[in-house]
J.: 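Please see the structure below; I have some questions.
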Protein chains: 2
Amino acid sequence: MNFSKDQSAGYLANHMARIFAQGLTSRIKPLGLTTGTFPALLELWDTDGLSQKQLTERLDIEQATMANTLARMERDGLIVRKKDANDGRAQRVWLTDRARDLRDPAITAAQEENAMRLAGLDEDEKRQFIALIQKVIKTKMSG
Amino acid sequence: MNFSKDQSAGYLANHMARIFAQGLTSRIKPLGLTTGTFPALLELWDTDGLSQKQLTERLDIEQATMANTLARMERDGLIVRKKDANDGRAQRVWLTDRARDLRDPAITAAQEENAMRLAGLDEDEKRQFIALIQKVIKTKMSG
DNA sequence: AGCACTTGCATAGCTCGCTATACAAGTTTT
DNA sequence: AAAACTTGTATAGCGAGCTATGCAAGTGCT
């Protein structure tokens, strides 16, 4: 039974993700941000005041993971959590001014990281690459 | 400034890696294995008795991460660490019988997971997918 | 031989992901 | 209205990754 890690999609996916994560980590560290907060920030920059439930749905992240991430974000002054007026269970998440101000530099950092990592691919390859990953992800979401 | 997470290579890479990791986790849990040990096991199944240093180099994993992973592996009876005879600093890592016996079922599990996740791609797409990820990884390794 | 330097590993402490569990606030059933 | 169920968060505890730091074992210079 032969198995080469360098031909294994799962291994390669993990390796590549670590590389992206390390790069983004160092780029956004000067902003006082960490990678785990990024997805939540993207959603909130788009539509502020989402509930924790809505965030987990949009990001395919477990509820417990989101709760912990939001706790760190609140600790670090990026968000405030307020009880929903109509539903005493729900927590609505609101960005602070600081978080709003970080949008542009943070997105720039992410774009730079993406561009650098894909520098070895031509335009066609980049499109294919994105499309293929999306397809693999969709295979899970639908199955 | 527009930025869509679903067009961001870094975000997609992270998401895809999480999906692979969750799938493999559940598949190898019955074997008493976790994903973090998998890369080290692959190397050791191929050539037993590597040093910790050699493992970190072959897997592009930080030394501290490897030390922790090996500590868990030793705790779980997968490996034994023995001082190198010629170099009192180096630890050589040796598989236990149990770890050797797990090779075939573990690799089967990984192959099944890979196959399932790539089920939505045709043969040509699979080849392209692997090749593109390898290329992205290589961009880091060379730069 | 003695000193500084390098190398291999371990440890501390953090983020971020997960599962399992608890619990209070809603909702439905009876 | 009370009981049973569902839903939204929080917490505990673990794995896996990282940086920073410490330290003992080897190497090199003088």
Side-chain angles (χ1 to χ4, degrees), chain A residues 10-11 13-29 32-41 50-57 59-76 78-79 81-93, chain B residues 10-11 13-29 32-41 50-57 59-76 78-79 81-93:
Chain A
Y11 180 87
N14 171 271
H15 193 177
M16 179 172 65
R18 284 193 288 118
I19 291 171
F20 271 105
Q22 286 178 56
L24 186 59
T25 295
S26 68
R27 280 180 201 273
I28 62 180
K29 190 173 184 178
L33 291 178
T34 56
T35 56
T37 68
F38 218 104
L41 286 171
L50 290 170
S51 73
Q52 196 178 122
K53 180 75 193 304
Q54 289 173 307
L55 282 170
T56 66
E57 284 167 359
L59 299 172
D60 191 29
I61 284 263
E62 291 303 317
Q63 176 270 319
T65 301
M66 184 55 67
N68 280 326
T69 300
L70 292 174
R72 286 196 305 277
M73 291 174 76
E74 191 157 33
R75 179 200 66 192
D76 297 341
L78 293 168
I79 58 159
R81 283 185 281 192
K82 290 182 191 160
K83 265 204 168 28
D84 186 301
N86 302 325
D87 188 337
R89 298 164 300 182
Q91 292 272 26
R92 293 204 164 275
V93 180
Chain B
Y11 180 86
N14 171 272
H15 191 177
M16 179 171 65
R18 283 192 290 117
I19 291 172
F20 271 105
Q22 286 179 56
L24 186 59
T25 295
S26 67
R27 279 180 200 275
I28 61 181
K29 190 173 184 180
L33 291 178
T34 56
T35 56
T37 67
F38 218 104
L41 285 171
L50 291 170
S51 73
Q52 197 177 121
K53 180 77 193 306
Q54 289 173 307
L55 282 171
T56 65
E57 284 166 359
L59 300 173
D60 191 29
I61 285 263
E62 292 302 318
Q63 176 269 319
T65 301
M66 184 55 66
N68 280 325
T69 299
L70 292 175
R72 286 196 303 279
M73 291 174 76
E74 190 156 33
R75 178 200 65 190
D76 297 341
L78 293 168
I79 58 159
R81 284 186 279 191
K82 291 183 192 161
K83 264 203 169 29
D84 187 301
N86 302 325
D87 187 339
R89 298 165 299 182
Q91 291 273 26
R92 295 206 163 272
V93 180

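In what follows, chains carry the letters A, B, and so on, assigned in the order in which the sequence lines appear, proteins first and then strands, with residues in each chain numbered from 1. All figures in this text were calculated on a predicted structure; none of them were measured in a lab. Computation of the quantities below employed the complete heavy-atom set of this structure, encompassing side-chain atoms and omitting hydrogens, waters and symmetry-equivalent molecules.
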J.: Side-chain N or O of A:R18 versus OP1/OP2 of D:dC18: is the shortest distance under 4.0 Å?
T.: yes

J.: Less than 4.5 Å apart, side chain to side chain, heavy atoms only: is that true for B:R89 and B:D84?
T.: no

J.: Strictly below 4.0 Å: does A:Q22 bring a side-chain N or O up to OP1 or OP2 of D:dC18?
T.: yes

J.: Check every strand shown and say whether B:D84 touches a base, only sugar-phosphate, or nothing at a heavy-atom separation below 4.0 Å.
T.: nothing

J.: Over all strands shown, is B:T65 touching base, sugar-phosphate only, or nothing at heavy-atom distances under 4.0 angstrom?
T.: base

J.: Within the structure provided, determine whether A:F38 and A:T69 are in side-chain contact (heavy-atom separation under 4.5 Å).
T.: no

J.: Which residue lies toward the 5' end of DNA chain C, B:Q52 or A:N68, if each is placed at its nearest nucleotide?
T.: B:Q52

J.: Any side-chain N or O of A:T25 less than 4.0 Å from the OP1 or OP2 oxygen of D:dC18?
T.: no

J.: To the nearest Å, how far apart are A:R89 CZ and C:dA25 P?
T.: 10 Å

J.: Tell me: CD1 of A:I61 to C1' of C:dT15, nearest whole Å?
T.: 12 Å

J.: Return the value, rounded to whole Å, for the distance between atom CZ of B:R92 and atom P of D:dA25.
T.: 18 Å

J.: What is the distance, rounded to the nearest whole Å, between atom CG of A:N86 and atom C1' of C:dA25?
T.: 13 Å

J.: Expressed in angstrom and rounded to an integer, what is the separation of B:K53 atom NZ from D:dG26 atom P?
T.: 16 Å

J.: Looking only at side-chain N and O atoms, does A:R75 come under 4.0 Å of OP1 or OP2 in C:dT15?
T.: yes

J.: Taking CD from B:Q63 and C1' from D:dA16, how many angstroms apart are they, rounded to a whole number?
T.: 15 Å

J.: Whole angstrom is fine here: how far is it from CG in A:L33 over to C1' in C:dT15?
T.: 13 Å

J.: How long is the line joining CG of B:L24 and P of C:dG17, in whole Å?
T.: 18 Å

J.: Looking only at side-chain atoms of A:A64, point me to the closest of C:dT19, D:dG15, C:dA10.
T.: C:dT19

J.: Base, sugar-phosphate, or nothing: which does B:T35 touch, judged by heavy atoms less than 4.0 Å apart?
T.: sugar-phosphate

J.: Quick one: are B:L55 and B:L70 in side-chain contact, heavy atoms under 4.5 Å?
T.: yes

J.: Considering heavy-atom distances to DNA chain C, does B:A90 or A:K83 have its closest nucleotide positioned more toward the 5' end?
T.: B:A90

J.: Both B:T69 and A:K29 contact DNA chain D. Taking the nearest nucleotide for each, which residue is further toward the 5' end?
T.: B:T69

J.: Less than 4.5 Å apart, any side-chain heavy atom of B:L59 and any of A:Y11?
T.: yes

J.: If only side-chain N and O atoms count, and only distance matters, is there a donor-acceptor pair under 3.5 Å linking B:N68 with B:R72?
T.: no

J.: With a non-hydrogen cut-off below 4.0 angstrom, is A:R81 in contact with a base, only sugar-phosphate, or nothing?
T.: sugar-phosphate

